[in-house]
> 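Take a look at the following structure, please.
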Amino acid sequence: GAPKQTNERLHFLLNRGQTGLSVAFDLPTLMGYDSDSVRSVGEVGTCGVAVDTLNDMASKFPESSYAKDKKYYAAGYYFKERKFMKSAKTVEQFISERPGSQLITQAKFNLALCYDFLKNPGKSNKIFNDILKEYPGQSITYKVHHYLARRLFFEDKYEQAKKELKMVIEKYPDESQLFLSLDLLFKAYKNINQLIKGGREVQKLIDKYPHFDQANKIQYWIAFDYQKAKQYELAITAYKKVATNYPESKSAPTALYNMATCYEKLNKNNLAIETLHKLAKEYPESPVAKMSKFKIDKIRSKEKESHPSKVD
């Protein structure tokens, strides 16, 4: 049926003692078609409720926080459609009407983003500063600092971005999205041709805060960029940290494989083969473990070509 009919049915059931409710959507809704689409003919509301808009959801659950916060979600939709002024006006209405909503801090952040995309840094910076003053130490302040650093990065102001990012990392070491700041800091160094210095600086921070979410990925990226730059000794050291500190991560077997490749580039074939054997033993089901046997054979074949008299 229609959203309003569904709401009436839910109340009917609740008033008669029902404690568990389940709502099904009709086929057009599930397939992403509006009720007035030619593909929806004969199917609208027949095996579930028809929902085409945010207002339909709100009318289905008018007492829910979703219904009360629908302007917040509408503003998000306008933002994704790049209708930044419409998004800003809608989120301003939401902030005015729902000051006690749990979404209020994110709404203010989104409003600042709208004005930033509208090329109005005066308004966006004022909102960002108000958030920093009003919600000190909260997760939203990390998002503000990281966004401001990211903005500096994309304006090619790498030195300022580095300074802001270092402050963010030291101030919010327990933030779940910390890896984003570390990744951006490393990229800022790379963009000014300071790969090795950047790797060392970020490495210090990883060693200081080794247990943040996705630390293994940052560690792996440092090693991988060293390898691309043919800094094989540095790459080996960084790959070792991945394999040693994060043995359960998906990066660990690939780190060992790449470490062996670096040893091979340095003509340290015995160490390369030893590392590949370790990979096959510790991660026998990984894709790179299956590749390790072929790599060992390849290394030994090259050795034979270089030393024809050598016997296995």
Side-chain angles (χ1 to χ4, degrees), residues 109 112-113 115-122 124-129 131-132 139-246 249-251 254-255 257-259 261-263 265-266:
F109 180 82
L113 289 185
Y115 283 117
D116 214 30
F117 278 78
L118 287 166
K119 310 295 183 186
N120 192 335
S124 65
N125 288 340
K126 182 182 183 308
I127 298 167
F128 282 137
N129 287 329
I131 292 171
L132 294 175
S139 231
I140 194 69
T141 59
Y142 164 77
K143 288 185 76 171
V144 170
H145 282 302
H146 177 79
Y147 179 81
L148 293 174
R150 187 172 177 271
R151 188 169 68 180
L152 290 167
F153 178 90
F154 284 105
E155 290 172 352
D156 298 334
K157 298 175 181 177
Y158 300 120
E159 291 297 336
Q160 291 172 261
K162 280 161 50 183
K163 184 178 178 181
E164 181 78 9
L165 285 163
K166 287 178 183 178
M167 181 277 294
V168 171
I169 293 162
E170 293 289 356
K171 192 172 181 179
Y172 304 96
D174 298 322
E175 177 58 45
S176 63
Q177 300 295 301
L178 189 67
F179 75 95
L180 294 174
S181 297
L182 281 162
D183 178 43
L184 198 61
L185 178 61
F186 188 40
K187 287 176 179 175
Y189 276 105
K190 287 197 297 180
N191 282 11
I192 53 175
N193 298 314
Q194 293 182 353
L195 171 67
I196 295 175
K197 183 178 179 181
R200 286 172 178 161
E201 287 293 319
V202 174
Q203 187 64 63
K204 287 178 188 175
L205 292 165
I206 295 173
D207 292 341
K208 190 173 182 180
Y209 309 112
H211 301 299
F212 67 88
D213 186 41
Q214 300 195 50
N216 64 294
K217 287 188 178 180
I218 302 294
Q219 185 71 75
Y220 180 86
W221 292 336
I222 291 172
F224 186 73
D225 279 324
Y226 281 153
Q227 184 180 354
K228 283 201 302 182
K230 300 183 179 180
Q231 298 290 332
Y232 298 122
E233 294 286 1
L234 291 173
I236 288 167
T237 301
Y239 281 133
K240 277 183 181 176
K241 286 180 178 287
V242 177
T244 303
N245 297 341
Y246 313 100
S249 71
K250 292 181 180 179
S251 306
T254 309
Y257 186 86
N258 289 351
M259 194 193 312
T261 301
C262 292
Y263 279 130
K265 293 289 185 182
L266 294 169

> Please lay out, stage by stage, how His145 and Lys171 fare under the test side-chain contact (heavy atoms from CB on, under 4.5 Å).
CA-CA 10 Å; His145 282 302; Lys171 192 172 181 179; 4.3 Å; yes
> How long is the span from the CG atom in Leu182 to the CD1 atom in Ile222, to the nearest 0.5 Å?
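Rounded to the nearest 0.5 Å, the CG-CD1 separation comes out at 8.0 Å.
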> Under 6.0 Å between the ring centres of Phe128 and Tyr147?
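For Phe128 and Tyr147, the ring centres are under 6.0 Å apart.
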> Decide yes or no on side-chain contact (heavy atoms from CB on, under 4.5 Å) for Lys241 and Gln203, but give the supporting numbers first.
CA-CA 10 Å; Lys241 286 180 178 287; Gln203 187 64 63; 3.3 Å; yes
> Could you check, using the six-membered ring where one of them is a Trp, whether Tyr232 and Tyr226 have ring centers closer than 6.0 angstrom?
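Distance test on ring centres: not under 6.0 Å, no.
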> Once rounded to the nearest 0.5 Å, what's the spacing between atom CG of Leu148 and atom CG of Leu132?
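Between Leu148 CG and Leu132 CG, I get 7.0 Å after rounding to 0.5 Å.
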> Side-chain contact, heavy-atom cut-off 4.5 Å: Gln231 with Asp225?
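Not in contact.
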> Should the pair Asp207-Lys204 be classified as a salt bridge under the 4.0 Å nitrogen-to-oxygen rule?
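Salt bridge flag = no for Lys204 with Asp207.
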> Would you say that Lys217 contacts Phe179 through its side chain, given a criterion of any heavy-atom pair below 4.5 Å between the two side chains?
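No - every pair of side-chain heavy atoms lies 4.5 Å or more apart.
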> Can you give me the closest heavy-atom contact between Tyr239 and Cys262, atom names plus distance?
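For Tyr239 and Cys262, the tightest heavy-atom pair comes out as CE1-SG, 4.2 Å.
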> Please report the closest heavy-atom contact between Gln219 and Tyr246, naming both atoms and the distance.
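Minimum heavy-atom separation between Gln219 and Tyr246: CB-CE1, 4.4 Å.
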> Nearest 0.5 Å, what's the NZ-CZ distance between Lys143 and Arg150?
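If we round to the nearest 0.5 Å, Lys143:NZ and Arg150:CZ are 12.0 Å apart.
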> Kindly give the heavy-atom pair with the smallest separation between Thr261 and Gln227, and that separation in Å.
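It is CG2-NE2, 3.8 Å.
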> So Tyr142 and Tyr172, would you call those rings parallel, tilted or perpendicular, with 30° and 60° as cut-offs?
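Tyr142 vs Tyr172 ring planes: perpendicular.
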> Within a strict 4.5 Å, meaning less than it, do heavy atoms of the Glu175 and Val168 side chains meet?
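Side-chain contact under 4.5 Å: no.
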> Heavy-atom count around Arg151 CZ within 6.0 Å, excluding the residue itself: above 12?
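Atom CZ in Arg151 is crowded, with more than 12 foreign heavy atoms closer than 6.0 Å.
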> Please tell me if the side chains of Lys166 and Glu201 come closer than 4.5 Å, counting only heavy atoms from C-beta onward.
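When only atoms from C-beta onward are counted, Glu201 and Lys166 do touch, with a gap below 4.5 Å.
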> Could you tell me how the ring of Phe153 sits relative to the ring of Tyr158: parallel (under 30°), tilted (30 to 60°) or perpendicular (over 60°)?
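Perpendicular, since the angle between the ring planes exceeds 60°.
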> Does the side-chain contact (heavy atoms from CB on, under 4.5 Å) test come out yes or no for Lys162 and Ile192, once each step is laid out?
CA-CA 11 Å; Lys162 280 161 50 183; Ile192 53 175; 3.6 Å; yes
> I need the Asn191 CG to Asp156 CG distance, nearest 0.5 Å.
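Reported to 0.5 Å precision, the distance equals 8.0 Å.
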> Write down the atom of Thr141, the atom of Ile131, and the distance for their closest heavy-atom approach.
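In terms of heavy atoms, the two residues are closest at CG2-O, 4.1 Å.
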> Return yes if some donor-acceptor pair links the side-chain N/O of Thr237 with the main-chain N/O of Glu233 below 3.5 Å, else return no.
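Yes.
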> Do side-chain atoms of Asn129 reach the backbone of Asn125 as a donor and acceptor pair under 3.5 angstrom?
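Answer holds: yes.
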> Can you tell me if Tyr220 and Gln214 form a side-chain donor-acceptor pair at under 3.5 Å?
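The answer is no; no qualifying pair exists.
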> If we only count heavy atoms from C-beta on, is the Glu170 to Lys208 side-chain gap below 4.5 Å?
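Sidechains of Lys208 and Glu170: in contact.
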> Look up atom CG in Leu118 and atom CG in Leu113, then write down how far apart they are to the nearest 0.5 Å.
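One gets 11.0 Å once the value is rounded to the nearest 0.5 Å.
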> Which atom names give the shortest non-hydrogen contact between Ala235 and Ala223, and what distance separates them?
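Result for this residue pair: CB-O, 3.6 Å.
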> Can you confirm whether Ile127 sits close enough to Tyr115 that some side-chain heavy atom of one is under 4.5 Å from a side-chain heavy atom of the other?
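The answer is yes; the side chains approach within 4.5 Å.
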> Closest approach of Pro173 and Leu178, non-hydrogen atoms and distance?
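Taking every non-hydrogen atom into account, O-CD2, 3.5 Å.
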> Is there side-chain contact between Ile218 and Leu205, with at least one heavy-atom pair below 4.5 Å?
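Counting from C-beta outward, Ile218 and Leu205 never come under 4.5 Å.
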